[in-house]
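Working notes for the structure below.
Chain naming here is simple, since letters A, B, ... match the order of the sequence lines and numbering starts at 1 in each.
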Number of protein chains: 2
Amino acid sequence: MTATARKPRNAAKPVDVCQIECVHRDAVTRAASALKPESTLQRLGEFYKALGDPTRLKIITALVHEELCVCDIACLTGMSESAISHQLRVLRAARLVKYRRHGRIVYYSLADGHVADIIEQGLRHAEE
Amino acid sequence: MTATARKPRNAAKPVDVCQIECVHRDAVTRAASALKPESTLQRLGEFYKALGDPTRLKIITALVHEELCVCDIACLTGMSESAISHQLRVLRAARLVKYRRHGRIVYYSLADGHVADIIEQGLRHAEE
DNA sequence: TTATCATATGAACAGATATTCATATTTAGA
DNA sequence: TCTAAATATGAATATCTGTTCATATGATAA
């Protein structure tokens with residue numbers, strides 16, 4: 001997004017976004033100026049990507065109800081503890097889960113209420 | 001999820017889910033019985049996975065405001081029309097978008113209001 | 001019909017990703 | 001201390017994914 005060259009009139013806003021031919025220049029201009037900042041889209045994309053894997057989604061939906069340790073999650077999902085640990089790292093990086101340590105056991109839970117809200121809205125959408 | 005062998009008492013519900021050692025058998029049992037059906041999780045996972053790519057997420061957020069044709073989206077995103085067409089196919093398969101044809105131009109829009117609601121909730125979460 | 005525009009599709013390839021296996025770390029108990 | 005349990009991490013690998021390029025389809029206009 002570099003500075004834009006101005007056009008005197010008629011253009012709602014100048015678009016330099018567009019290298020390709022576009023059919024509706026005005027619609028593209030509106031869409032471009034309504035677009036959320038790249039940083040927001042990137043964060044949201046990583047959030048969704050983290051939820052877009054079957055193993056991780058199962059982990060997250062399980063954690064909606066109560067905290068679980070790595071062992072429990074492995075047990076619940078039928079996957080190896082190592083695989084679960086790797087996936088939990090992804091979920092941690094995406095700030096979807098938090099954890100607390102009790103002795104050698106690590107309990108994972110959802111990072112905050114927002115995550116639960118989002119998942120529940122998603123589930124309602126998927127269930128209908 | 002096959003049929004479960006019964007245990008007389010004390011088990012909230014029998015678990016055959018668990019091949020691995022698990023630390024909290026009761027918690028796993030509760031989590032297992034609260035788990036959503038595989039079909040629901042799969043649909044939701046595909047939904048999130050579709051949103052988990054930066055190009056597709058940009059397309060979807062743009063479509064929140066108004067419908068756009070393939071050309072416009074290519075223009076807006078700075079990607080080739082072919083790439084966009086491929087991504088729109090993924091979004092169609094995940095039932096995130098619908099389209100209408102007008103002459104040789106195809107206009108894409110969000111499949112329904114739910115999608116917009118979900119995206120807006122996600123954006124609020126990502127923006128804070 | 002023929003030419004052209006807008007879009008779709010298939011093959012190919014580079015890059016990303018999820019799991020496994022081996023190993024490291026951290027904590028509790030002996 | 002030493003051992004074992006619970007978890008984390010790194011490397012390797014097989015699979016998946018997104019883009020490009022070439023080509024096909026479908027619709028309009030000439």
Side-chain angles (χ1 to χ4, degrees), chain A residues 18-25 27-28 41-42 45-46 48-60 63 67-94 97-109, chain B residues 18-25 27-28 41-42 45-60 63 67-94 96-109:
Chain A
C18 196
Q19 278 81 25
I20 311 173
E21 285 308 306
C22 57
V23 177
H24 310 89
R25 186 163 275 272
V28 173
L41 290 180
Q42 195 184 326
E46 277 159 18
Y48 285 136
K49 182 183 276 188
L51 293 171
D53 170 81
T55 301
R56 291 193 295 261
L57 184 59
K58 198 174 236 176
I59 294 173
I60 291 293
L63 293 180
E67 67 176 9
L68 293 168
C69 73
V70 179
C71 237
D72 293 342
I73 298 171
C75 177
L76 177 67
T77 57
M79 306 203 61
S80 76
E81 290 152 23
S82 177
I84 295 302
S85 188
H86 278 293
Q87 297 294 26
L88 285 169
R89 195 150 81 104
V90 176
L91 292 173
R92 252 156 37 213
V97 300
K98 65 183 194 308
Y99 61 95
R100 69 182 178 88
R101 181 154 220 145
H102 183 72
R104 33 191 175 194
I105 298 179
V106 178
Y107 293 92
Y108 280 86
S109 54
Chain B
C18 194
Q19 278 82 24
I20 311 173
E21 285 309 305
C22 56
V23 177
H24 310 88
R25 188 164 273 271
V28 173
L41 290 180
Q42 195 183 327
E46 278 159 18
F47 184 87
Y48 285 136
K49 181 182 277 186
L51 293 171
D53 170 80
T55 303
R56 290 192 296 263
L57 184 59
K58 198 174 237 177
I59 295 173
I60 291 294
L63 294 180
E67 65 175 14
L68 293 168
C69 73
V70 179
C71 239
D72 293 341
I73 298 171
C75 178
L76 177 68
T77 57
M79 307 204 60
S80 74
E81 290 153 23
S82 177
I84 295 302
S85 188
H86 278 293
Q87 296 296 26
L88 285 169
R89 195 151 80 103
V90 175
L91 292 172
R92 253 155 37 214
L96 281 161
V97 300
K98 65 183 192 309
Y99 61 96
R100 71 182 177 87
R101 184 156 218 141
H102 183 72
R104 34 192 175 194
I105 300 178
V106 178
Y107 292 92
Y108 281 85
S109 54

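Atom-to-atom, CE of A:Met79 to P of C:dC21 comes out at 12 Å; the value is rounded to the nearest Å. A straight line from CG of A:Leu57 to P of C:dT17 spans 17 Å, rounded to a whole angstrom. Counting to the nearest Å, the P atom of C:dA6 and the CG atom of B:Leu88 are 16 Å from each other. Atom CZ in B:Arg101 sits roughly 8 Å away from atom C1' in C:dA6 (whole-Å rounding). One interatomic measurement links the two molecules: CG of A:Asp53 to C1' of C:dT17, which rounds to 9 Å at whole-angstrom precision. Taking atom CD1 on A:Ile59 and atom C1' on C:dT19, their separation rounds to 13 Å, with Å as the unit. Protein atom CD1 of A:Ile105 is 12 Å distant from nucleotide atom P of D:dA8, rounded to whole Å. One atom, NE2 of B:His102, and another, P of D:dT28, lie 8 Å apart when rounded to the nearest Å.
Both stacking criteria are satisfied for B:His86 over the base of C:dT9: a centre-to-centre distance under 5.5 angstrom and an angle between ring planes under 30 degrees.
Distance check, rounded to the nearest 0.5 Å: CG of A:Asp72 to CG of A:Leu63 gives 10.0 Å. Atom CD1 of A:Ile73 and atom CD of A:Gln87 lie 11.0 Å apart (nearest 0.5 Å). In this structure, CG on B:Leu88 lies 10.5 Å from CZ on B:Arg56, to the nearest 0.5 angstrom.
In this model, the phosphate group of D:dC16 is not approached by any side-chain N or O of B:Lys49 to a distance below 4.0 Å at OP1 or OP2. Contact annotation: B:Arg89 does not reach the phosphate of C:dT7 (side-chain N/O to OP1 or OP2, under 4.0 Å). Remark: B:Ser80 is not in phosphate contact with D:dC21, judged by side-chain N or O atoms under 4.0 Å from OP1 or OP2. In this model, the phosphate group of C:dA8 is approached by a side-chain N or O of B:Arg92 to a distance below 4.0 Å at OP1 or OP2.
Taking the six-membered ring where the residue is Trp, B:His102 and B:Tyr107 present tilted rings, their angle falling between 30° and 60°.
You'll find the side chain of A:Ile60 reaches within 4.5 Å of the side chain of A:Val97, heavy atoms only. Within the 4.5 Å cutoff, side-chain heavy atoms of B:Cys71 are placed close to those of B:Glu81. Two residues are said to be in side-chain contact when any heavy atoms from C-beta on lie closer than 4.5 Å; B:Ile59 and B:Leu76 fail this criterion.
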Could you go through nucleotides 3-5 of chain D and list every protein N or O atom that sits under 3.5 Å from one of its N or O atoms, giving the distance for each pair?
from	atom 1	to	atom 2	distance (Å)
D:dA5	O4'	A:Arg104	NH1	3.4

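A donor-acceptor contact under 3.5 Å is not formed by the side chain of A:Ser82 with the base of D:dT7.
Contact annotation for A:Tyr108: backbone-only contact, meaning every heavy-atom pair under 4.0 Å involves sugar-phosphate atoms and none involves a base.
Nearest to the side-chain atoms of B:Arg56 among the listed nucleotides D:dG18, D:dT7, D:dT19 stands D:dG18. Nearest nucleotide to the side chain of B:Gln87, out of D:dT7, D:dT19, C:dT20: D:dT19.
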